[in-house]
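Below is one structure; the comments refer to it alone.
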Amino acid sequence: MEETELAKEKYEQLEKFIDSLPEKEGELIKVLHKAQEIFGYLPKEVQHFVAKKLGVPAAKVYGVVTFYSFFNMEPKGEHTISVCMGTACYVRGAETVLEEFKSQLGIECNQTTKDGKFTLDALRCVGACGLAPVVMVDSKVYGRVTKEMVKDIIAEYEG
Amino acid sequence: MGKIKSFDELVQLQKEAKEKEVVHDIHILVCGGTGCKSQDSDMIVNNLREEIKNNNLEDRVKVVKTGCFGFCEKGPIVKFLPDNTFYIEVKPEDAKELITEHVINGEKVTRLLYRNQTTNEVVPDSKHMDFYKKQQRIALKNCGFINPGEIEEYIREDGYQALAKCLTEKSTKDVIDIVKESGLRGRGGAGFPTGLKWEIASRYDADVKYVVCNADEGDPGAFMDRSILEGDPHSVVEAMAICGYAIGASKGRVYIRAEYPLAIKRLNNAIMSAREYGLLGKHILGTDFNFDIEITFGAGAFVCGEETALIHSMEGSRGEPTTKPPFPAESGFFGKPTNVNNVETFANIPKIILNGAEWYKSIGTEKSAGTKVFALAGKINNVGLIEVPMGTTLREVIFDIGGGIKNGKKFKAVQTGGPSGGCLTEKDLDTPIDFDNLIAKGSMMGSGGMIVMDEDSCMPAVAKFYLEFTKEESCGKCTPCRIGTTRLLELLEMICEGKGTLEHLDELKNLSQVIKDTALCGLGQTAPNPILSTLDAFYDEYLAHVTDKKCPSKSCRKLLSYKIDANQCKGCTLCSRVCPNGAIIGKVKEAHMIDLMKCVKCGACMEKCKFGAISME
């Protein structure tokens with residue numbers, strides 16, 4: 001019951017945002033950014049809702065959501081661990097770091113741990129190449145990460 | 001602050017800003033770029049301010065949070081003016097010592113000063129640092145110098161005077177002519193002459209026209225656009241308005257990556273204060289010119305750096321490129337005439353207007369005027385952002401400015417132009433860098449990423465890395481790119497796993513050529529470059545992978561083999577216990593052996609062995 005209340009509130013928030021746009025044409029990506037900010041991810045129902053409100057086919061919404069890496073259709077964990085796999089990080093050993101996260105968390109890239117605590121993903125360049133290899137947990141940047149540091153980084157967010 | 005209504009009022013405001021500035025004898029500049037910020041540079045600012053307050057020095061000393069200094073390797077950076085003292089790797093707890101020693105006692109804090117890498121001598125100020133000696137900063141002029149959050153600091157440094165000059169003294173044709181004359185070429189990758197682009201866009205009439213700034217910096221390893229937007233956002237705002245005036249556009253859009261939160265925040269702030277000061281909006285500087293800027297967020301797609309794809313993305317659709325013509329100048333954003341330039345290109349514009357086309361043309365080479373910003377990264381000592389005149393050699397960039405290769409290793413190659421570029425080697429080191437020379441060498445300028453590789457980098461694996469990227473980022477619209485990059489990647493995977501044959505190498509070459517000739521847009525056409533250039537320069541390495549099944553740089557895991565030296569093995573069993581696959585056999589106190597059929601080549605045994613008995617080849 002509580003959950004549906006919450007969802008209703010979120011839909012209202014999104015609706016308000018869409019209604020506030022002076023022009024609806026061409027604003028699909030902006031609306032999806034907002035929707036993901038509100039819901040955390042973009043499930044089918046939310047995509048249908050957006051399609052209806054903007055008067056575009058649901059297929060177009062789905063096409064856009066799947067095209068851009070920033071949008072995700074699965075809920076994310078409480079914390080997102082992003083290992084930078086940009087070129088600068090790659091040549092300085094980011095792959096080893098990513099492997100270590102995978103083995104310690106027991107998940108692959110783009111997966112979430114069973115307890116819903118962590119989502120692991122690889123991203124392309126946060127532009128902090130001076131600190132390569134770089135790992136971002138939520139919005140915090142960790143620089144010059146080594147295989148040995150992985151355990152401590154995870155520990156910071158556990159418990 | 002009310003709106004500035006004329007050129008004179010702007011000049012008056014600059015005068016006031018300069019007067020305000022001389023009040024303090026010492027300015028402490030603290031880097032607030034993404035790199036230094038993630039190492040607590042905000043805390044350094046706070047602590048310095050606290051110390052200044054505690055010592056009643058507020059009248060004498062001012063702390064300014066600036067954009068990127070470029071010397072990211074040794075961040076956080078703190079610089080003291082007027083003597084340019086350059087402190088590196090500063091920690092928040094160093095604030096007290098910096099204020100007491102440097103400001104109160106007048107002594108530099110030696111332990112935090114930069115040391116010359118070869119002589120290990122202390123370098124007293126940034127003017128004597130090799131990193132800065134060969135640089136010439138035009139696009140990055142204000143980065144690491146002004147507070148990007150204060151419009152008055154930008155105005156103090158001649159900000160918005162170029163726009164004022166254009167609006168009050170120059171016709172739209174004059175402006176286009178200056179940019180054409182200057183020889184400025186697009187810094188986003190292709191190097192198309194900017195002035196010509198403006199001229200074409202100016203020819204089309206429509207009720208509304210657009211100026212678009214491409215800030216979708218997708219090349220992994222390049223971060224100049226982010227640094228400019230973080231460190232000097234007003235230069236881009238001003239240049240977009242100048243472009244709007246020149247081509248007759250009233251609307252501006254910045255298409256920026258959602259992954260750059262700090263740049264978005266600073267740009268937003270800059271747009272708002274420009275509006276407040278009457279430098280954006282209606283009747284700018286009391287003239288009839290109207291121009292305003294909006295921000296559009298990208299959502300993570302490399303192909304959106306291509307201008308037609310970028311425009312489709314701005315329209316809320318999938319960012320798929322379309323064939324040109326029509327060019328955006330004729331039919332762009334929602335079918336209206338649109339001019340797209342990249343961030344760094346724009347950042348050059350105000351300086352060109354103020355100093356003249358002749359001045360700009362005198363810098364750089366004949367066909368590539370001006371300077372170029374490069375992001376140095378990879379296995380190099382001084383990772384960071386640099387700006388050098390076109391025509392500087394790779395050797396100067398990598399060895400003089402970049403400080404050479406990390407850990408004394410040997411230079412092997414440098415990749416310019418990101419995933420669309422190619423690898424340049426030892427023999428190319430003395431080539432002057434400009435648009436045409438790099439293309440002649442099988443690479444390209446791209447947005448200016450420079451990834452340096454040393455002897456430990458395996459070139460087929462590097463090519464594979466780039467193909468993973470382009471395959472992932474291919475939008476899927478045209479067959480050569482969608483299927484071609486997938487096939488290329490499969491071939492490279494086989495080669496790196498020891499399953500490749502000589503025929504595969506030929507196939508790799510042929511397919512690369514086909515994709516180059518037939519793909520729809522720049523992404524596909526350039527995707528095979530990393531393969532072609534490494535095949536050309538490092539054919540032996542490819543051969544070693546396919547014929548000897550060996551990886552000369554010992555980095556392709558599947559091609560390694562581990563061996564225990566029976567004479568050195570003490571039979572301590574440590575290795576057999578750590579082996580995840582039970583591949584090591586042997587009794588206690590007897591020499592062990594590795595069962596190569598079972599070995600997964602993880603290297604755990606070698607890491608654990610205390611006697612150095614395990615080797616790899």
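The model shown is predicted, which means the values in this text are computed figures rather than measured ones. All chains are named by letter (A, B, ...) in the order of the sequence lines, taking the proteins before the strands, and each is independently numbered beginning at 1.
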Ala258(B), Cys36(B), Gly33(B), Gly384(B): which one forms the most heavy-atom pairs within less than 4.5 Å of chain A? Ala258(B)
For the atom pair CE (Met314(B)) and CD (Glu27(A)), what is the distance rounded to the nearest 0.5 Å? 10.5 Å
Determine the option with the most heavy-atom pairs under 4.5 angstrom with chain B, choosing from Met136(A), Lys140(A), Lys60(A). Lys60(A)
Greatest number of heavy atom pairs closer than 4.5 Å to chain A - which of Ser317(B), Gly476(B), Gly449(B), Ser227(B): Ser317(B)
Using a cut-off of under 4.5 Å on heavy-atom pairs, state which of Cys89(A), Ala88(A), Gly143(A) scores highest against chain B. Ala88(A)
Counting only heavy atoms closer than 4.5 Å, note whether Phe71(B) contacts chain A via side chain, backbone, both or neither. neither
Region of Met224(B) in contact with chain A, defined by heavy-atom distances below 4.5 Å: neither
Most contact-rich option vs chain A, by heavy-atom pairs under 4.5 angstrom, among Val462(B), Val383(B), Asp454(B), Ile380(B), is Val383(B)
Between Met453(B), Lys406(B), Glu320(B), the one whose heavy-atom pairs under 4.5 Å with chain A are most numerous: Lys406(B)
Could you verify whether a donor N or O on one side chain and an acceptor N or O on the other, from Tyr68(A) and Ser313(B), lie under 3.5 Å apart? yes
Run the side-chain contact (heavy atoms from CB on, under 4.5 Å) check on Leu32(A) and Phe297(B) step by step: do they pass? CA-CA 11 Å; Leu32(A) 290 174; Phe297(B) 298 127; over 6 Å; no
Report the distance from atom OH of Tyr466(B) to atom OH of Tyr90(A), rounding to the nearest 0.5 Å. 10.0 Å
Salt bridge check, Glu99(A) against Arg557(B): does any charged N sit closer than 4.0 Å to a carboxylate O? no
Return the CD1 to OH distance between Ile29(A) and Tyr255(B), rounded to the nearest 0.5 Å. 5.5 Å
Supply the atom-to-atom distance Glu259(B) CD to Ser69(A) OG, rounded to the nearest 0.5 angstrom. 6.0 Å
Pick from Ala375(B), Cys72(B), Ala377(B), Gly319(B): which one has the most heavy-atom pairs with chain A under 4.5 Å? Gly319(B)
If you measure from CZ on Phe70(A) to CZ on Arg257(B), what distance do you get to the nearest 0.5 Å? 10.0 Å
What part of Cys68(B) gets within 4.5 angstrom of chain A, counting heavy atoms only: side chain, backbone, both, or neither? neither
Is the shortest distance from a Lys or Arg side-chain nitrogen in Glu95(A) or Lys464(B) to a carboxylate oxygen in the other one below 4.0 Å? no
Check against side-chain contact (heavy atoms from CB on, under 4.5 Å), Glu73(B) and Leu131(A): CA-CA 7 Å; Glu73(B) 180 70 38; Leu131(A) 307 175; over 6 Å; no
Which residue out of Gln415(B), Lys37(B), Gln39(B) racks up the most heavy-atom pairs below 4.5 Å with chain A? Gln39(B)
For Gly378(B), is there any backbone N or O sitting under 3.5 Å from a side-chain donor or acceptor partner on Arg92(A)? yes
Max heavy-atom pair count under 4.5 Å with chain B, selected residue of Gly63(A), Gly86(A), Cys84(A): Gly63(A)
Among Thr87(A), Leu28(A), Val91(A), Val141(A), which residue forms the greatest number of heavy-atom pairs with chain B at distances under 4.5 Å? Thr87(A)
If you apply the rule side-chain contact (heavy atoms from CB on, under 4.5 Å), what do you find for Phe334(B) with Glu25(A), and how did you get there? CA-CA 10 Å; Phe334(B) 286 124; Glu25(A) 195 190 357; 3.4 Å; yes
Contact class of Arg226(B) relative to chain A, heavy atoms under 4.5 angstrom: side chain
